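Below is one structure, written out as structure tokens; the observations come after it.
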Amino acid sequence: MAHLLITGGAGFIGSHTCLTLLEAGHSLVVIDNFEGSSPEPLHQVAALAGLGPLEQLATGLWGTPDEPRQLLLLQGDIRSSSDLERAFNSSSTAAVEAVLHFAGLKAVAESIAEPLRYWDTNVAGSRCLLQAMATQGCRTLVFSSSATLYGLPDSVPIAESAPVRPINPYGHTKAAVEQMLADLAANQEGWRMARLRYFNPVGAHPSGCLGEAPFGQPSNLFPLINLVAQGQKPCLKIYGLDWPTADGTGVRDYIHVMDLAEGHRAAVQRLMNDPPQLLTLNLGTGKGHSVLELVRVFEKVTGRPVAWEGVERRPGDSACSIADPSLAQEVLGWATSHSLEDMCRDGWRWQVSHPHGY
Ligand SMILES: NC(=O)c1ccc[n+]([C@@H]2O[C@H](COP(=O)([O-])OP(=O)(O)OC[C@H]3O[C@@H](n4cnc5c(N)ncnc54)[C@H](O)[C@@H]3O)[C@@H](O)[C@H]2O)c1
């Protein structure tokens, strides 16, 4: 079992993946600056994994000192080489074998308002991380990429060979990091890397103890549906009822966050077992659901009505985005197992028990 560094491990996808990796027997050190999260998810992760409580070990460092499977949490920034050096050397017993890199900013509208901030965290932060990895002699990386870099696809389902044509600054930053990884793979020996292109992650851990807790106003559809169902927001805005789809609303490929977490476990395992390579894989279900379909399934599963109104399409949205996940299935021996009903049920359980986040 390996010792792994997780950047952004206190966030939505990172925290669920931490739990899956601990359950698989790995030891972890998480680095997170808590810009979009807090330490609380990691306390939940430790409890769900059956570890003792996280104790403060030093300034900005928490951990489970008496466990054979370590979980360490460092408050630090991926743009700081000294914070990264501290993360790499935080375990006295094990060297970091691989990095799973979730840290980043992810809101499209915010990236349009503040492109430099997105380039700084997502691109300069990734460059700083890669430099630290090279210095530490760790060349195995799983990177959180996004289906957003396909832009407006010519056809669906979308294979990894489809053109990379992002249409907003967030997408440009993901494409830039993907290119950085490709340049390393092509020009330096020994890098084992996976660029995982997520479609639409939703849902929560089935315990209801871990979930999505965005700071401020959420921009993703699923947290908004939850807030409307709970009466925290009056109405869901559906952007466009005139898309060329069966019911006129946009179609997306929703993936349960636990299936996504399992995809990361499989990817890092594959990289550590295989010779150096650069993998580029879609993580989605291969099934598309319209916004109205998601709303109806959510209402059926939860028994809660979701008030909605149709408004103008947003520039840059596409009618339909569905993954072709066959390459990930073949390469990783991985497949999704959660239905849209599961995503709604688990996401709602989290929302009911944590109406205002952690
Ligand atoms: N959630 C989605 O819909 C989605 C879809 C595709 C790709 N992604 C990508 O997956 C990754 C994780 O997404 P998420 O939904 O878990 O987001 P999240 O905001 O919940 O988690 C990101 C984490 O990174 C941390 N962070 C931000 N800047 C940092 C920095 N400079 N140094 C250290 N930590 C920092 C935040 O505090 C947060 O804990 C992101 O890179 C995102 O772009 C997300």
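The structure presented is a predicted model; accordingly, all values stated were derived computationally and were not measured. Whatever order the structure lists them in is the order used to number ligands and atoms, beginning at 1.
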Ring-ring centroid check Y358 W350, cutoff 6.0 Å: yes

Numbering as shown, the atoms of ligand 1 that approach F34 to under 4.0 Å (heavy-atom distance): 37 (O)

Under 3.5 Å side-chain donor-acceptor pair for S144 and Y198: yes

Enumerated ligand 1 atoms positioned under 4.0 Å from heavy atoms of A10: 39 (O)

Distance-only N or O hit between ligand 1 and F199, under 3.5 Å: no

Minimum non-hydrogen distance to atom 9 (C) of ligand 1, winning option of F143, F222, Y170: Y170

ILVMFWY network linking I6 to F12, side-chain heavy atoms under 4.5 angstrom: yes

Heavy atom of the protein closest to atom 21 (O) of ligand 1 (residue, atom name, distance): G11 CA, 3.3 Å

Test of proximity, N33 against ligand 1: N or O pairs below 3.5 Å: yes

Heavy atom of G76, distance to ligand 1 below 4.0 Å: yes

Mode of S145 contact toward ligand 1 - side chain, backbone, both, neither (heavy atoms, under 4.0 Å): backbone

Interfacing atoms of ligand 1 (cut-off 4.0 Å, heavy-atom, S144): 9 (C), 10 (O), 11 (C), 41 (O)

Residues Q179 and D183: side-chain donor-acceptor under 3.5 angstrom: yes

Atom 19 (O) of ligand 1: nearest protein contact (heavy atom, Å): K106 CE, 3.8 Å

Presence of salt bridge, E160 and R195, under 4.0 angstrom: no

Option with minimal heavy-atom separation from atom 27 (C) of ligand 1, where the choices are G104, S80, S126: G104

N-O pairing of R192 and D274 below 4.0 Å: no

From CA spacing to verdict: side chain to side chain contact (heavy atoms under 4.5 Å, CB included), R86, I31: CA-CA 10 Å; R86 193 173 174 209; I31 181 169; over 6 Å; no

Ligand-side contact atoms (ligand 1) for residue partner G36, heavy atom cut-off under 4.0 Å: 36 (C), 37 (O)

Pair F102 and H264, ring centroids less than 6.0 Å apart: yes

Ligand-side contact atoms (ligand 1) for residue partner E35, heavy atom cut-off under 4.0 Å: 28 (N), 37 (O)

Ion pair E309/K233, N-O distance below 4.0 Å: no

Donor-acceptor pair between S27 and H3 side chains, under 3.5 angstrom: no

Shortest protein heavy-atom distance from atom 25 (C) of ligand 1, along with the residue and atom involved: D32 OD1, 3.4 Å

D259 side chain to H338 side chain, donor-acceptor N/O pair below 3.5 angstrom: yes

Part of T7 with heavy atoms under 4.0 Å of ligand 1, whether side chain, backbone, both or neither: neither

Proximity flag P201 to ligand 1, non-hydrogen atoms under 4.0 Å: yes

Distance filter under 4.0 Å to R79 heavy atoms, resulting ligand 1 atoms: 31 (N)

Flag for D77-S80: side-chain donor and acceptor within less than 3.5 Å: no

Residue part near ligand 1, for T121, under 4.0 Å between non-hydrogen atoms: side chain

Sub-4.0 Å heavy-atom approach of I78 to ligand 1: yes

Flag for H205-D346: side-chain donor and acceptor within less than 3.5 Å: no

Per-atom contacts of ligand 1 with N220, taking only distances under 4.0 Å to non-hydrogen atoms: 3 (O)

Short N or O distance, I13 and ligand 1, threshold 3.5 Å exclusive: yes

Backbone or side-chain N or O of F102 under 3.5 Å from ligand 1 N or O: yes

N168 versus Y118, side-chain donor and acceptor atoms under 3.5 Å: no

For S37, atoms of ligand 1 separated by under 4.0 Å from a heavy atom: 37 (O), 38 (C), 39 (O)

Test item, E212 contacting ligand 1 (heavy atom, 4.0 angstrom): no

